[in-house]
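One structure is given below, encoded as structure tokens.
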Amino acid sequence: METLHITNTLNRKKEKFEPLVEGHVGLYVCGPTVYSTAHLGNVRTFLSFDIVYRYLKHLGYKVRYVRNITDVGHITNSAGDDVDSIGNQAKLENLEPMEIVQKYTISFHDTMKIFNLEAPSIEPTATGHIVEQIEMVQRIIDNGYAYEKNGSVYFDVPKFAKEHSYGKLSGRNIDEQQDGYRELDAQDEKNDPRDFAIWKGVDETFPMRWNSPWGEGVPGWHLECSVMSTKYLGQKFDIHGGGMDLKFPHHDCEIAQSIGADGTEPVRYWMHTNMLTMNGQKMSKSLGNSVLPLELISGNHELLEQGYSPMTIRFFMLQSHYASQLDLSNDALQAAEKGYKRLANAFDLLDKVEHNGKENISDEEEKAVLKLIQDCSVYMNDDFNTAQTLAVLFEMSNKINAIYNKQFDISLLSKATFDKMKATFAAFFTNVLGLKSEKSEGSNGVTDGLMDLILEIRKSARENKDWTISDKIRDELKALNIVVKDEKDGGTTWTVG
RNA sequence: GGUCGAAUGGCCGAGUGGCUAGGCAGUGCUCUGCAAAAGCAUCUACAGCGGUUCGAAUCCGCUUUCGACCUCCA
């Protein structure tokens, strides 16, 4: 594929991507609710959109990437009681709601950084856009798609559905939804069980609340995304993403709200990432099978045999397509760890291999490498196929390794092609896939100096064919997790891990 | 019950109507003082049953199994 194609979950078809404004892309992703630590499933979704963001930029687009922070606890009805997730957590931790928000926002940012995710261009908060949310509620009321009851405002789904399509993202038929709903609670004031709150009146027992034309309350869950995407990207914008589990009701409601308020279908390309599973089941807090990023890195979790580095985890996730379910398991992670190391090792060699200037070009080899170079883009253009792109990088690493170890005659390639392969490998490894070498993190000036000294001593031992000493040094270092490699040309390298 | 999506070799995972994805593990060879790494070669596949087709793991139907959403979730 010469140009980027994206699977649009609105129609489940792979479509050619053409931005609204040439050269610019507006990207909105539903961010986290900051009332607890993000788990790995959350990381997977944001990682998937990190790739989208990075690749769009790689293609030369100017991207405005908006990812919100939900810092208003949505009011949910649990066992007849209204509960606000952030307020609830604040009570548990004996903190102010905004302290909870601050604590978990920082934690979220730290986690994103650990996995080398780029920060979005704008990270707006729900609490920072209360005014705009009230205004949007008013527009929806003015347009006749919402009604006020006892200080709350509800979106009138049946009325909207008569004039527009409702539930098309999730493929839901409005008329068939009646049965699936629970019996109305006695205090439920909606006209129809399918209606949803866009403003929810609360009393003084809720610490987070704002004044509005309908009394004190909090904005509805779905509203903030509609408001902030409209504010920063416009009434109509290019890409809206999120986890599959947000398709319904969250995203279907967003569409309804935008049309209800401004008469505009807001999103041109919807993207949904699939779930990370653990033992075949969706990872979620309520199921109690979630793994926290730091637990996976340290290995400190009852289901884990060992810890895995952040880049191993990133690589592991990139080996599958974002739209497929991915199951977390020790076997898969261990395989990923070795695979990542192999690729990272080739990346580290890029600086050490140079073309010798002699060209005795083989058409076949030249063509094969040129195809690899092109394939990186071809596969990324095909709905961000990171798995295939990694496969191409592995093929390039074969070449790079072979050249480095003099198992392949570099003169069979032109200097131009060879240099292009190096540049492509580096660009896709670091900029597009967001991987980096973790090697250097175990060393510093002192270790480097010590290692030089030790290896110098070992070198003289080897020159004297004193294998006892040289092997002892190698074995003892190995016990310290330092791997020593003797290379063909007589040199010796070392790595941690 | 409704909606949607899966089922690929020992494991993980891409994927297209005809052309060996890739990684991990295994086997053989080369290189090497020995290792390690690396390179080359090689072995295990497309849930089952029908259908469409010159040709299907890929399209269609049925069966079985599994998952997601329908309540907060990325």
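From a predicted model like this one, the values you see are computed outputs, not experimental measurements.
Residue A:Lys247 is classed as having no contact, given no heavy-atom separation below 4.0 Å to the nucleic acid. Base engagement by A:His39 is indicated by at least one non-hydrogen atom pair under 4.0 Å involving a base atom. Looking at heavy-atom distances under 4.0 Å, A:Ala332 makes contact with sugar-phosphate atoms alone, never a base. Using a 4.0 Å heavy-atom cutoff across all strands shown, A:Ser85 reaches no nucleic acid atom at all. Residue contacts shown for A:Leu276 include a base, since a base heavy atom lies under 4.0 Å away. Using a 4.0 Å heavy-atom distance criterion, A:Glu337 is classed as making no nucleic acid contact. When heavy atoms are screened at a 4.0 angstrom cut-off, A:Ser170 is found touching the sugar-phosphate backbone but no base atom. Across all strands, A:Asn42 comes closer than 4.0 Å to base atoms (heavy-atom distances). Contact annotation for A:Val43: no contact, since no heavy-atom pair falls under 4.0 Å across all strands. Within 4.0 Å of A:Leu390, counting heavy atoms only, lies no atom of the nucleic acid at all. Nucleic acid contact for A:Gly280: sugar-phosphate only, since backbone atoms but no base atoms lie under 4.0 Å from a heavy atom of the residue.
Pair assignment for B:A38: B:U30, on the basis of Watson-Crick or G-U wobble contacts that are both within less than 3.5 Å. B:G9 is unpaired under the Watson-Crick or G-U wobble criterion, no partner having all donor-acceptor distances under 3.5 Å. Pairing partner, B:G67: B:C4, with both Watson-Crick or wobble hydrogen-bond distances short of 3.5 Å. Remark: B:A57 base-pairs with no nucleotide in the shown strands. Criterion, Watson-Crick or G-U wobble with two distances under 3.5 Å. Across the strands present, B:C62 finds its partner in B:G48; the criterion is a Watson-Crick or G-U wobble pair with both atom distances under 3.5 angstrom.
B:U30 sits 12 Å from B:C34 when the P atoms are compared, rounded to a whole Å. Only the P atoms considered, B:A21 is 13 Å distant from B:A45, to the nearest whole Å. Taking atom P in both B:A56 and B:C31, the straight-line distance is 45 Å, to the nearest Å. Going from the P atom of B:G1 to that of B:U42 covers 50 Å, rounded to whole Å. Comparing the P positions of B:G55 and B:C69 gives a spacing of 42 Å, expressed to the nearest Å. Across the P atoms, B:C60 and B:C66 are found 23 Å apart, a figure rounded to whole Å. Spacing of C1' atoms, B:C49 relative to B:G13, comes out at 27 Å, to the nearest Å. Rounded to the nearest Å, the gap between the C1' atom of B:G2 and that of B:C43 is 46 Å.
Side-chain proximity of A:Gln388 to B:C34, B:A21, B:A36: nearest is B:A21. The listed nucleotides are B:G22, B:G33, B:A25; the one nearest the side chain of A:Lys338 is B:A25. Considering only the side chain of A:Arg12, B:G5 comes nearest among B:G5, B:G33, B:C24. Side-chain proximity of A:Phe248 to B:A14, B:G22, B:C69: nearest is B:C69.
The aromatic ring of A:Trp467 is stacked on the base of B:G33, with the two ring centres less than 5.5 Å apart and the planes inclined by under 30°.
Applying the 4.0 Å criterion to OP1 and OP2 of B:C40, one finds that A:Asn398 has a side-chain N or O inside that range. Between B:A38 and A:Arg342, a contact under 4.0 Å exists linking OP1 or OP2 to a side-chain N or O. Between B:G39 and A:Asn401, a contact under 4.0 Å exists linking OP1 or OP2 to a side-chain N or O. In terms of phosphate contacts, A:Thr277 brings no side-chain nitrogen or oxygen within less than 4.0 Å of OP1 or OP2 of B:A68.
Between A:Glu93 and A:Lys103 there is a salt bridge, since a side-chain N of the basic residue sits under 4.0 Å from a carboxylate O of the acidic one. Looking at A:Lys247 and A:Glu254, no side-chain N of the basic residue comes within less than 4.0 Å of a carboxylate O on the acidic one, giving no salt bridge. Under a 4.0 Å N-O distance rule, the pair A:Arg458/A:Asp486 qualifies as a salt bridge. A salt bridge does not link A:Lys190 with A:Asp192: none of the charged nitrogens is closer than 4.0 Å to a carboxylate oxygen. A:Lys472 has no carboxylate O lying under 4.0 Å from a charged side-chain N of A:Asp466, or vice versa, which leaves the two without a salt bridge. For the pair A:Lys367 and A:Asp363, the salt-bridge criterion is not met [side-chain N within less than 4.0 Å of a carboxylate O].
Atom CD of A:Glu305 and atom CD of A:Gln334 lie 5.0 Å apart (nearest 0.5 Å).
For A:Arg44 and B:A74, a side-chain-to-base donor-acceptor distance below 3.5 Å is absent, hydrogens and geometry of angles not being considered.
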